[in-house]
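When a ligand or atom number is given, it counts from 1 through the structure's own listing order.
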Amino acid sequence: MKTIVVLNGPNLNLLGKRQPQIYGHETLEDVTRLCEAACAENFDIRLLQSNHEGQIIDWIHEARETTCGMVINPAAFTHTSVAILDALNTYEPPVIEVHISQVHKREAFRHHSYVSHRADGVIAGLGIEGYAAGVRRICQLVERSTEAAT
Ligand code: CA2
């Protein structure tokens, strides 16, 4: 099994419980189910969420050895964290950045992403379906690179 890590930043533990007009009614458990359903055969999902920047950085470091790709919604750290960008720059497999809301229709401070300097793809405004699209893209990229190597 190849593992895709799905990392989630601060406040996303409240998904489905607050501000449904922006983030919808689905919870992180629903995101896990959606990602598992989107996975190709021979892939599995490890979904993690933290409100702490250092924890997310530690998980990125661990993922270097244990995962074949990453879907990341860094939440507010998207717009602030050079430290998460630096950690992602040490991670070689494909990275897809996901935002549930259409950040470019929102406040100007949400329009810049440090993580986009590293991400291989960026998805915004598809609701939680964006995570599934990110997982499908990771599977495709990993399968293509495996085929190219054989
Ligand atoms: O649209 C996204 O996915 C965001 O990454 C969500 C972040 C926000 O800071 C980014 O600009 C865009 C906020 C996550 C907060 O999540 C909540 C979920 C439910 C209720 C309250 C907060």
Side-chain angles (χ1 to χ4, degrees), residues 2-40 43-143:
K2 301 184 194 81
T3 299
I4 299 170
V5 65
V6 182
L7 285 185
N8 291 279
N11 298 308
L12 284 165
N13 52 311
L14 297 178
L15 200 60
K17 298 168 186 157
R18 299 277 187 285
Q19 296 185 275
Q21 70 286 4
I22 303 176
Y23 299 113
H25 290 278
E26 292 110 329
T27 64
L28 267 191
E29 289 72 40
D30 295 319
V31 173
T32 304
R33 276 191 286 276
L34 198 67
C35 290
E36 284 169 351
C39 251
F43 288 84
D44 64 10
I45 297 293
R46 184 182 307 147
L47 185 138
L48 302 167
Q49 187 277 330
S50 177
N51 294 326
H52 305 280
E53 190 173 16
Q55 176 65 83
I56 293 168
I57 292 166
D58 287 345
W59 281 336
I60 294 170
H61 293 174
E62 282 168 35
R64 294 171 63 222
E65 308 300 329
T66 55
T67 67
C68 68
M70 179 185 301
V71 173
I72 183 167
N73 183 349
F77 293 145
T78 307
H79 319 297
T80 63
S81 182
V82 176
I84 289 177
L85 172 61
D86 286 346
L88 288 171
N89 280 331
T90 73
Y91 181 82
E92 283 183 16
V95 175
I96 304 294
E97 176 183 349
V98 169
H99 299 286
I100 297 166
S101 64
Q102 209 305 46
V103 280
H104 299 287
K105 269 175 78 174
R106 299 181 66 192
E107 304 95 322
F109 66 82
R110 296 186 202 275
H111 298 179
H112 176 261
S113 164
Y114 285 101
V115 170
S116 294
H117 292 264
R118 162 64 185 89
D120 299 297
V122 181
I123 297 165
L126 304 193
I128 69 165
E129 184 56 40
Y131 288 88
V135 165
R136 283 194 289 272
R137 180 63 176 162
I138 295 288
C139 293
Q140 186 183 59
L141 291 171
V142 171
E143 282 170 347

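A donor-acceptor contact shorter than 3.5 Å links the side chain of N51 to the backbone of N11. For the pair S81 (side chain) and T78 (backbone), a donor-acceptor distance under 3.5 Å is absent. N73 places no side-chain N or O within 3.5 Å of a backbone atom of N8 that could act as its donor or acceptor partner.
Protein residues lining ligand 1, listed by chain and number: P10, N11, L12, L14, L15, R18, Q19, Y23, N73, A75, A76, H79, H99, I100, S101, V103, R110 [non-hydrogen atoms, distance under 4.0 Å].
Pairs passing the side chain to side chain donor-acceptor pair (under 3.5 Å) check and including a residue from residues 85-99, sequence neighbours excluded, read T67-Y91, E97-H99, E97-S113, E97-S116.
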Criterion side chain to side chain contact (heavy atoms under 4.5 Å, CB included) on T66 and R46, from CA distance to verdict: CA-CA 11 Å; T66 55; R46 184 182 307 147; 3.7 Å; yes
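With values rounded to the nearest 0.5 angstrom, S101 atom OG is found 11.0 Å from Q21 atom CD.
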